[in-house]
J.: 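Please see the structure below; I have some questions.
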Amino acid sequence: MIIFNKHLAMIFILIIMPFHYVLADENTGNKAQSKHFHPKGKLPSSYTISLQNQQRSLLPFNDKQDFVEQQRGFIAKPDYNKIMADAGHVAWDMEAFNFLLTDKKLESIHPSLQRQALLNMNYGLYEVIPGIYQVRGFDLSNTTFIEGKTGWIVFDVLLSKETARAALNLINEQLGERPVVAVIYSHSHADHFGGIKGMVSEEDVKSGKVEIIAPIGFMENTISENVYAGNAMTRRMAYQYGTGLPVNEYGFVDQAIGKSVSRGSIGLIPPTRIIKKTIEEITIDGVKMVFHNTPGTEAPAEMNTWFPDKKAFWAAENITGTIHNIYTLRGAKVRDSLAWSKGINQALYQFGQQAEVMFASHNWPRWGNARIQEVMRGQRDMYANMNNQVLHLANQGVTINEIHNVYQMPKSLQKQWYARSYHGSVEHNSRAVINRYLGYWDNNPATLTPLSPQDSAPLYVEMMGGSNKIINKANSLYQKGKYKLAQEILNKLVFAEPENQTAKDLLADNFEQLGYQYESPSLRNSFLAAALELREGIVKGSALHSAGPDLMQAMTTELFLNYLAIRMDGRKAQGMSFKINLTISDGDTDLNEQFVIEMNNETLTNIKGHQANDADLTIITNRSVLLLFMMKKATAVILQEKIQSGEIVLKGNTEVLKQFKSTLVAFDQYFELLPGT
Ligand SMILES: [Zn+2]
């Protein structure tokens with residue numbers, strides 16, 4: 001998916017996943033259990049198949065209400081199943097997932113995940129109630145159209161311009177052409193705003209023809225959540241989102257809150273109106289809307305919406321068809337399970353008792369007040385239970401390294417499909433709750449400052465009697481279906497001997513069976529992606545997204561300076577010491593910012609609102625020049641021009657800039673996660 005300029009690679013994190021490559025002969029699918037896509041790949045073992053069968057008998061597969069809700073209101077699907085990007089490649093491909101349209105058991109997929117993957121095959125235009133419509137299956141998220149007096153009010157605009165444009169065309173073809181009069185961004189994740197330019201033009205927003213509404217904190221969080229650790233997050237996405245895995249019953253099958261992520265171009269038009277109060281009512285184009293801010297839930301900035309005249313409740317991404325992530329495995333700050341639960345409870349008491357329909361930016365709607373209250377209460381309780389009962393256990397001494405084997409959802413919730421471990425899993429979320437309150441340490445000094453795995457592993461291997469002994473034992477564990485035990489010893493061997501392909505292949509075989517067994521696509525993808533990398537090396541060259549400059553333009557000067565301090569290698573700055581006064585002054589936007597940037601102790605710091613009187617260098621420039629740096633387009637020739645035209649003024653010792661430049665490092669987007677890959 002993505003490309004960014006390495007500099008800013010992280011901005012687009014949300015954006016970044018390549019649409020999985022598709023194996024032509026594997027995706028047409030009527031075959032029940034086809035050949036594995038990889039020469040070293042293994043089919044599900046008898047142990048895996050028996051676990052899948054056990055799940056079939058334990059879970060309430062006769063409860064079909066989700067299927068009724070998922071199909072209700074279907075109007076039409078388009079006569080195509082691929083959406084092309086303007087750049088010429090395929091941005092979206094539903095056809096690749098057709099192998100899921102079967103009632104056969106696919107033993108390489110957890111039966112509950114196979115069910116969710118089938119539910120997410122929604123594709124086309126749906127009526128939620130008269131006057132409210134959704135286009136589903138055009139991207140990871142849904143886009144929702146509210147019929148106003150004169151035009152459409154659009155709630156969330158997908159990730160890519162191309163998929164958003166296709167969705168707007170579909171509804172206009174089916175229900176008659178109407179202009180978009182307003183857009184609501186429900187929250188600060190890119191699959192909810194990135195497609196904006198496929199729906200409205202910047203001119204129409206500027207002229208006031210189209211209003212864009214967002215929750216408090218939207219712009220700040222859109223950028224900041226993903227910048228500082230961006231390169232690491234991008235790399236980790238290959239695991240959580242399985243971006244290098246083929247779409248296949250042995251590979252990528254679903255992403256829980258939608259099929260996958262589109263691969264078109266991502267943009268951002270800043271909101272023209274921010275909802276600041278917890279509850280705020282606005283009428284646009286004759287539609288009365290009550291916004292409900294829920295900061296610190298699924299996103300740092302997020303809001304629900306209540307339509308009192310329609311008794312309709314829009315749950316943003318706060319309520320979906322799954323346990324969501326308290327900790328998202330690609331990496332992000334751990335979320336607050338209790339705040340999330342309370343956000344749902346507020347909505348339940350404020351709107352939920354009257355609502356006749358509840359719809360959201362992912363999955364499918366719920367109809368009827370009893371059903372709505374059931375789902376809201378269930379989702380409220382699962383986040384509250386996860387918070388409270390994990391801490392209950394922690395207060396009795398259960399540690400972060402044990403909690404996932406101890407904590408369970410209440411039995412009554414385990415039977416509810418909307419409370420299953422798809423996007424978030426009970427396993428990784430329970431560890432996150434402890435991490436949020438107590439941190440990563442289990443309070444055993446042996447794990448407080450442990451040796452690095454590559455330093456401790458050789459001793460284990462030696463004491464276990466060498467690699468042959470380990471491989472023999474691991475083989476016998478694998479044959480008995482004891483995949484976690486085999487993983488334990490093979491992991492040591494792979495760290496001790498990264499070039500030992502036999503060990504890597506055997507570890508991959510164990511990861512693969514575990515991947516098949518997980519209900520959560522986040523876990524499945526992580527195990528299967530690791531297996532693929534152990535067999536084949538790191539999967540490079542996934543098609544990259546071309547993200548426009550919009551997101552970078554939203555980055556503040558201070559955020560950029562903070563990020564430069566992360567990008568520079570302190571070890572290359574030994575002995576360096578300088579001070580720079582920076583002024584960014586912009587007549588167009590009335591921007592006038594001053595900073596002191598100091599290099600000292602191999603550390604780069606900045607402070608806003610100050611100037612040093614003993615600076616080595618003073619730089620006065622404007623925002624558009626700064627953007628060239630942010631976008632890595634500041635070539636020597638361009639800089640020379642800007643200096644000559646007076647857009648950059650340098651006073652003092654310019655040598656310090658050369659010194660600084662020598663410390664900057666371009667991060668490798670494909671660093672190793674497992675040794676020897
Ligand atoms: Zn989303």
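Predicted, not measured: the structure shown is a model, and the values here were computed from it. Any value given below was found using the heavy atoms of this structure, including those in side chains, with hydrogens, waters and symmetry copies removed. Order of listing sets the numbers, starting from 1, for every ligand and every atom in it.
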J.: Restricting to N, O or S, what is the name of the atom of D191 that lies nearest the Zn ion (ligand 1)?
T.: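 That would be atom OD2.
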
J.: Anything under 30° is parallel, anything over 60° is perpendicular, the rest tilted; go ahead and classify W152 against F145.
T.: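 Because their plane-to-plane angle is over 60°, the rings of W152 and F145 count as perpendicular.
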
J.: How about H362: does one of its N, O or S atoms come closer than 2.8 Å to the Zn ion (ligand 1)?
T.: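 Of the N, O and S atoms in H362, at least one lies under 2.8 Å from the Zn ion (ligand 1), which means yes.
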
J.: Determine whether the side chains of H292 and Q350 contain a donor N or O and an acceptor N or O closer than 3.5 Å.
T.: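 Note: H292 and Q350 side chains miss the donor-acceptor criterion.
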
J.: Side chains of Y422 and S112: do they bring a donor and an acceptor to under 3.5 Å?
T.: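 The criterion, which ignores hydrogens and geometry beyond distance, is satisfied for S112 and Y422.
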
J.: Of the backbone and side-chain N, O or S atoms of H192, does one lie nearer to the Zn ion (ligand 1) than 2.8 Å?
T.: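 Of the N, O and S atoms in H192, at least one lies under 2.8 Å from the Zn ion (ligand 1), which means yes.
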
J.: I'd like to know if the Zn ion (ligand 1) has an N/O/S atom from E317 within less than 2.8 Å of it, counting both backbone and side-chain atoms.
T.: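 Yes - counting backbone and side chain alike, E317 has an N, O or S atom under 2.8 Å.
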
J.: Which of these passes side chain to side chain donor-acceptor pair (under 3.5 Å) with N325: R335, E298, H428, R330?
T.: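 It is H428; the other options fail the test.
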
